Number of protein chains: 2
Amino acid sequence: MTAKYERGPYAKGRERREAILKATLDVFSESGYRGASLRAIARELDISPALLQHYFSTREELLMEVVSAWDDENDRRSEGLTFLAHWLVNIKHNTEIPGLIRLYTALAIEATDPDHAARPYFNRRYDNLTSQIVRDIERQKSVGLCPEDIDPKRVARLLIAACEGLQIRWLHSPDFDMYEEFVGLLRDFQLTPPVEEAEIALARALEIPDGEGA
Amino acid sequence: MTAKYERGPYAKGRERREAILKATLDVFSESGYRGASLRAIARELDISPALLQHYFSTREELLMEVVSAWDDENDRRSEGLTFLAHWLVNIKHNTEIPGLIRLYTALAIEATDPDHAARPYFNRRYDNLTSQIVRDIERQKSVGLCPEDIDPKRVARLLIAACEGLQIRWLHSPDFDMYEEFVGLLRDFQLTPPVEEAEIALARALEIPDGEGA
DNA sequence: GTCTATATCGCGATAGAC
DNA sequence: GTCTATCGCGATATAGAC
């Protein structure tokens with residue numbers, strides 16, 4: 001998407017949009033949530049704060065779009081896998097981007113406010129996550145790969161909550177291994193197949209490092 | 001503590017301190033995190049913002065002390081119980097104070113910043129929680145009330161993370177039953193005795209409502 | 001469409017008078 | 001212990017130049 005050779009009056013604008021999203025993340029990763037003011041981001045890009053707001057009219061909107069872009073990127077990662085395995089691969093990847101996880105979590109809390117712009121985004125996100133987990137578990141059940149007596153919805157709620165809680169804990173102590181903890185929880189629920197699937201995918205990614213050279 | 005009949009030059013100051021903590025929570029519950037500025041809290045109390053800062057020199061300090069006071073109050077609640085049961089009772093109670101839980105969670109995220117004043121507080125809190133959970137599980141193990149093969153530390157990490165994640169989810173959708181979800185997780189880990197202990201304590205509290213009249 | 005300049009507001013924090 | 005005044009900063013809105 002947004003090819004390098006794009007022409008027309010909107011090309012520059014779109015490039016700038018992406019540059020802004022990238023800069024936001026950079027500033028955020030380096031200076032933390034409170035440091036990532038619109039002015040600081042504008043400074044990083046050597047543009048005026050007002051121009052920034054020409055592209056993203058509010059700070060909330062900007063932050064939301066950064067998170068949403070990360071979300072889309074995640075969706076594209078390791079597409080062939082089972083959802084739970086796919087999720088695990090993403091959690092492993094999250095381990096390398098504390099700034100983004102911090103942004104995500106901070107936004108999730110802020111969006112708790114009844115009239116926050118990102119509220120519907122999070123509710124949609126939780127719903128999507130839930131239905132994908134449920135579908136996955138039910139598929140595993142039908143093949144006899146996991147016990148019949150587990151409640152897919154309940155497990156989904158628990159997994160989502162655990163994931164967010166583990167992230168918070170990991171942000172507090174970077175040595176905390178949130179990936180391993182999540183794997184452990186999946187094993188507790190006897191959802192071992194996706195774990196093995198993810199481990200194979202991750203091992204393969206190590207052998208053939210495509211984005212590793214950057 | 002802090003008796004009504006206390007005398008001396010510090011009495012008024014201490015009363016004011018408590019009034020400030022209470023007002024902070026009120027404003028926070030009503031106007032959310034971003035609405036709870038020092039000015040708004042001062043307005044609520046009909047004092048000047050500067051006076052507020054005479055008692056709590058920074059905003060961070062003030063918020064931290066509100067959370068810390070809630071923590072102490074929790075410690076005093078249902079003291080006779082096993083720690084896990086005690087925790088459950090507190091989670092049930094949390095169900096009625098969304099404003100405080102929101103403050104707690106928001107602060108937990110902010111404290112993720114390496115040089116935030118509340119960082120050591122949270123690390124200490126996590127450590128205390130962990131050791132109490134571990135002690136509890138080990139005691140249960142020694143009496144044969146829970147399976148030998150579970151790793152207490154690992155379960156502690158998972159329970160803490162789950163609790164915080166469930167809170168976030170509950171803040172997003174108030175119908176979400178974080179207490180029941182947590183109970184379910186404890187059952188998954190075959191930690192049923194504390195669940196029953198808590199249910200009995202909660203039922204008794206319903207029969208004899210002591211603080212309910214306020 | 002792209003961009004700058006400017007103005008207003010509310011914030012946390014400090015200094016100093018009473 | 002309490003106030004007023006003020007500082008510097010960030011968020012946001014608007015007017016208008018290119």
Side-chain angles (χ1 to χ4, degrees), chain A residues 2 6-24 26-28 30-66 103 106-107 110-111 113 115-118, chain B residues 2 6-24 27-28 30-67 103 106-107 110-111 113 115-118:
Chain A
T2 41
E6 187 182 359
R7 296 289 158 84
Y10 301 153
K12 193 174 179 183
R14 238 171 286 169
E15 264 173 42
R16 184 137 284 183
R17 256 186 90 88
E18 278 181 34
I20 290 174
L21 289 175
K22 196 195 167 307
T24 303
D26 286 349
V27 174
F28 202 95
E30 206 173 309
S31 329
Y33 197 92
R34 64 191 213 178
S37 64
L38 293 183
R39 288 170 136 89
I41 298 162
R43 220 177 296 130
E44 171 89 5
L45 287 160
D46 251 307
I47 62 172
S48 73
L51 180 56
L52 225 169
Q53 276 174 305
H54 173 68
Y55 291 94
F56 303 91
S57 43
T58 69
R59 192 179 120 103
E60 282 168 5
E61 192 190 317
L62 172 57
L63 298 185
M64 220 177 80
E65 294 222 31
V66 173
L103 172 55
L107 201 61
E110 280 193 9
D113 209 299
D115 39 53
H116 190 283
Chain B
T2 41
E6 188 181 0
R7 298 286 160 82
Y10 301 152
K12 192 176 178 183
R14 238 171 286 169
E15 264 173 45
R16 177 85 67 176
R17 258 185 87 89
E18 276 180 35
I20 291 173
L21 290 175
K22 195 193 167 308
T24 303
V27 174
F28 201 95
E30 206 173 309
S31 329
Y33 198 91
R34 62 191 215 182
S37 64
L38 293 182
R39 289 170 138 88
I41 298 162
R43 218 177 296 129
E44 172 88 5
L45 287 160
D46 250 307
I47 61 173
S48 72
L51 181 56
L52 227 170
Q53 278 174 304
H54 174 68
Y55 291 94
F56 302 91
S57 43
T58 70
R59 192 180 120 103
E60 283 168 3
E61 191 190 317
L62 171 58
L63 298 185
M64 221 177 80
E65 294 222 32
V66 173
V67 172
L103 172 55
L107 202 61
E110 280 193 8
D113 209 297
D115 39 52
H116 190 283

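Here the structure is a predicted model, which means the values were calculated and not measured. Protein chains get the first letters and strands the later ones, always in sequence-line order, with residue 1 at the start of each.
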Legend entry - Point-to-point distance, once rounded to the nearest 0.5 Å, from CG of Leu51(A) to CG of Leu38(A): 12.0 Å
Inset, instruction - State, without any angle test, whether Tyr33(B) and Glu110(B) hold a side-chain donor-acceptor pair at a distance under 3.5 Å. - result: yes
Legend entry - Closest contact, heavy atoms only, Ser37(B) versus Arg59(B): CA-NH1, 3.9 Å
Legend entry - Any His54(B) side-chain N or O less than 4.0 Å from OP1/OP2 of dT2(D): no
Inset, instruction - Send over the distance from Arg17(A) CZ to dT2(C) C1', rounded to a whole Å. - result: 14 Å
Legend entry - Heavy-atom side-chain contact between Leu45(A) and Arg16(A) under 4.5 Å: no
Inset, instruction - Kindly compute the distance separating CG (Leu62(B)) from CZ (Arg17(B)), expressed to the nearest 0.5 Å. - result: 9.0 Å
Inset, instruction - Look at Tyr55(A) and dG1(C) and indicate whether a side-chain polar atom (N or O) is within less than 4.0 Å of OP1 or OP2. - result: no
Legend entry - Spacing of Leu51(A) atom CG relative to dA13(D) atom C1', expressed in whole Å: 15 Å
Inset, instruction - Could you state the atom-to-atom distance from CG of Leu45(A) to C1' of dT4(C) in whole Å? - result: 16 Å
Find every protein N or O atom lying less than 3.5 Å from an N or O atom of nucleotides 11-15 of chain C, and list the pairs.
{"residue": "dC11(C)", "atom": "OP1", "partner": "Ser37(B)", "partner atom": "OG", "Å": "3.0"}
{"residue": "dG12(C)", "atom": "OP1", "partner": "Leu38(B)", "partner atom": "N", "Å": "3.4"}
{"residue": "dG12(C)", "atom": "OP1", "partner": "Arg59(B)", "partner atom": "NH1", "Å": "3.4"}
{"residue": "dG12(C)", "atom": "OP2", "partner": "Leu38(B)", "partner atom": "N", "Å": "2.9"}
{"residue": "dG12(C)", "atom": "N7", "partner": "Arg39(B)", "partner atom": "NH1", "Å": "2.6"}
{"residue": "dA13(C)", "atom": "OP2", "partner": "Gln53(B)", "partner atom": "NE2", "Å": "3.3"}
{"residue": "dA13(C)", "atom": "OP2", "partner": "Arg59(B)", "partner atom": "N", "Å": "3.0"}
{"residue": "dA13(C)", "atom": "N7", "partner": "Gln53(B)", "partner atom": "OE1", "Å": "3.2"}

Inset, instruction - May I ask you to evaluate whether Ser48(A) reaches the phosphate of dC3(C), defined as a side-chain N or O under 4.0 Å from OP1 or OP2? - result: no
Legend entry - Crowding at CD, Glu30(B) (>12 non-hydrogen neighbours, <6.0 Å): no
Legend entry - Rounded distance (Å) that lies between atom P of dA13(D) and atom CZ of Phe56(A): 16 Å
